[in-house]
Amino acid sequence: MTPTTLAERQANPRAAGAARGRRGRRRARTVALLFVFPALLLLGALVVYPVLFSVGRSFFDASGTRFVGGDNYTEMFRDPATLKAIRNTTIWVVVAPALLTGLGLILAVLVEKVRWATAFKLLLFMPMAVSFLAAGIIFRLAYDEDPDKGVLDAAVVSVHDAFTGTSSYPTARARDGHGLSRGRDGSYLTDAGLSPGHSVALGLVGVLPKDLPKGTSPAYPAAARTAAAGELRGVVYLDFTPGGGGKQGRVDPKESGLPGMKVEALRDGKTVASTTSASDGSFRFSGLDRGSYTVKLPASNFAPPYQGISWLGPTLVTPAIIGAYLWIWTGFAMVLIGAGLSALPRDALEAARMDGANEWQIFRRITVPLLAPVLTVVFVTLVINVMKVFDLVYIIAPGPVQEDATVLATQMWLVSFGGGNNQGLGSALGVLLLLLVIPAMVFNVRRFRRSQR
């Protein structure tokens, strides 16, 4: 340090302080860059480079050797599968975030009035700890069409059978040439006309003895009874003798009756009487007028059992997967909205109650408007998330309906690696997905910055 410089600094202490400040700021910026550099390096390697590479790759053909310009983008909007993926993604974006935000808001408001609020929040938030892979497997099993495996169809079948009932003998059928003919609707009718005072034996096969209802009695005693005057009597029985033997078309001593069978008496094609067979399969119609009657076993006796709803069929597969998504993310929306709800000014709510407003008016006119910024952030965050949904769609949707449930993320994977082997078209789909996500991300960031200020 020269005497002149020292003298100048002593004469101008402000300049010396400014120089030290500049050196300190440069040193701080250098240290900050050193700390940020690893993060920037990872961000560039894992985000920036793949984005730039995908944009460039989208202008080349499937092999990656020939430049095709915008052909991949043109082909993308001509492909029916891609158009269906865009349609399904639109359904996801419109339905899932709106339902989640609404459910989260309702639950957040209700939880405030629950004594064990923390435990309730924990219970609803627990699905967030489950991976999408595990959640997909869980709901794939829950949506299984077999009521013995799928819990949802088991519940639906139980409710249906409780109110509607089910057929007693779905596998039963009549032997050909033994007095019964099959109608067009699946019912069975006697070949010959019957008059009051006569009896008839209606033999069926196709029912395993172990499948017979409890309390079933042998049909032989009932078949031996004679009909009274003005009475048409009969027996419906299983025309099969355990252990072998017996004669077809005749009631043998060891053959069981078929209880609970609906039986109708028809005259001139119209039902004039109906009854249900007893434990020994017997039935009777009394008080009939003279004439010829046909005995009918309605098709409802032989209807196949109700199997529930095809949750993963082409019609319901997308709503079913959205339902699984709601199960996972409802807790997330509830917790975020609940945090915003806890920060609301309580004096405004109390003032409204003192002015005579009911809870619905407070919710609609005060709570929702004050929570609008939080609700917007939650909604936009979920919009971004549903645009990227992949795991649930790929795991839950069975192979035959995969195309009916596909979204942009799954379509991008299928085109690139799932058999299409066209990374050019897949990269174009990735760029489209990025362009759709960016506006929502920018909106969310700006909203966050405004709330911070």
Side-chain angles (χ1 to χ4, degrees), residues 161 164-228 231-286 288 291-307:
D161 291 348
T164 307
T166 182
S167 60
S168 303
Y169 306 98
T171 60
R173 67 184 187 279
R175 295 184 188 274
D176 293 335
H178 283 77
L180 285 175
S181 300
R182 190 175 181 88
R184 293 181 179 180
D185 59 352
S187 61
Y188 284 99
L189 299 95
T190 52
D191 295 331
L194 302 168
S195 301
H198 290 79
S199 299
V200 62
L202 307 177
L204 299 175
V205 294
V207 182
L208 295 177
K210 67 181 182 65
D211 293 335
L212 292 173
K214 293 181 179 179
T216 300
S217 304
Y220 187 76
R225 301 189 191 110
T226 58
E231 181 183 68
L232 180 59
R233 179 182 288 274
V235 61
V236 187
Y237 70 101
L238 179 60
D239 193 9
F240 171 79
T241 303
K247 186 176 180 180
Q248 294 181 5
R250 187 181 70 184
V251 183
D252 294 304
K254 293 184 179 180
E255 293 178 341
S256 300
L258 297 178
M261 184 76 72
K262 297 177 182 177
V263 188
E264 296 178 353
L266 278 64
R267 186 171 185 179
D268 299 328
K270 296 181 180 180
T271 301
V272 296
S274 62
T275 187
T276 303
S277 60
S279 61
D280 57 0
S282 63
F283 64 89
R284 66 189 182 93
F285 300 107
S286 57
L288 297 178
S292 178
Y293 294 86
T294 301
V295 175
K296 176 182 178 181
L297 300 178
S300 59
N301 292 311
F302 316 104
Y306 179 69
Q307 292 296 316

Check A299 against G186 and note the closest heavy-atom contact, atom names and distance.
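Taking every non-hydrogen atom into account, CB-C, 3.7 Å.
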What are the two closest heavy atoms between A273 and F285, and how far apart are they?
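Looking at all heavy atoms of both residues, the closest pair is CB-CD2, 3.6 Å.
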Partner residues of [X] under the side-chain contact (heavy atoms from CB on, under 4.5 Å) criterion, sequence neighbours left out:
X	value
K262	P298, S300, N301
R225	A222, R233, D280, S282
P170	S167, P305
Y220	V251, P253

Assess the residue pair Y169 and L204 against the criterion (side chain to side chain contact (heavy atoms under 4.5 Å, CB included)); give the C-alpha distance rounded to whole Å, side-chain angles, the decisive distance to 0.1 Å, and a yes or no.
CA-CA 10 Å; Y169 306 98; L204 299 175; over 6 Å; no
Determine, step by step, whether L180 and L189 satisfy the side chain to side chain contact (heavy atoms under 4.5 Å, CB included) criterion, reporting the C-alpha distance in whole Å, the side-chain angles of both residues, the deciding distance to 0.1 Å, and the verdict.
CA-CA 5 Å; L180 285 175; L189 299 95; 5.9 Å; no
Is the backbone N or O of [Y] less than 3.5 Å from a side-chain atom of [X], with the two atoms forming a donor-acceptor pair by type?
X	Y	result
D252	K254	no
S277	G260	yes
S279	T216	no

Is the shortest side-chain heavy-atom distance between V263 and K296 below 4.5 Å?
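Side chain of V263 against side chain of K296, heavy atoms only: no contact under 4.5 Å found.
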Heavy-atom side-chain contact between L232 and R284 under 4.5 Å
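A side-chain contact is absent here, since even the closest heavy-atom pair is not under 4.5 Å.
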Roughly how far, to the nearest 0.5 Å, is [atom2] of [Y] from [atom1] of [X]?
X	Y	atom1	atom2	answer
S187	E264	OG	CD	8.5 Å
D176	R182	CG	CZ	10.5 Å
F283	L258	CZ	CG	11.5 Å
S181	D191	OG	CG	3.5 Å
L288	S195	CG	OG	10.0 Å
L238	L208	CG	CG	9.0 Å

In terms of side-chain heavy atoms, does E231 have a donor or acceptor partner in S286 at a distance below 3.5 Å?
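Result is no, nothing qualifies.
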Please list all pairs meeting ring-ring contact (aromatic ring centres under 6.0 Å, His included) that have one or both residues in residues 172-193, counting only residues at least two apart or in different chains.
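Only Y188-F302 qualify under ring-ring contact (aromatic ring centres under 6.0 Å, His included).
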Would one find more than 12 heavy atoms of other residues, nucleotides or ligands at under 6.0 Å from atom CG of D185?
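Counting other residues, nucleotides and ligands, CG of D185 exceeds 12 neighbours.
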Should T294 and L194 be marked as a side chain to side chain contact (heavy atoms under 4.5 Å, CB included) after you check the CA-CA gap, both sets of side-chain angles, and the distance that decides it?
CA-CA 6 Å; T294 301; L194 302 168; over 6 Å; no
Passes side chain to side chain contact (heavy atoms under 4.5 Å, CB included), L202 versus V235? Steps please.
CA-CA 6 Å; L202 307 177; V235 61; over 6 Å; no
Please list all pairs meeting side chain to side chain donor-acceptor pair (under 3.5 Å) that have one or both residues in residues 236-248, counting only residues at least two apart or in different chains.
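Qualifying pairs, neighbours excluded: R175-D239, T241-E255.
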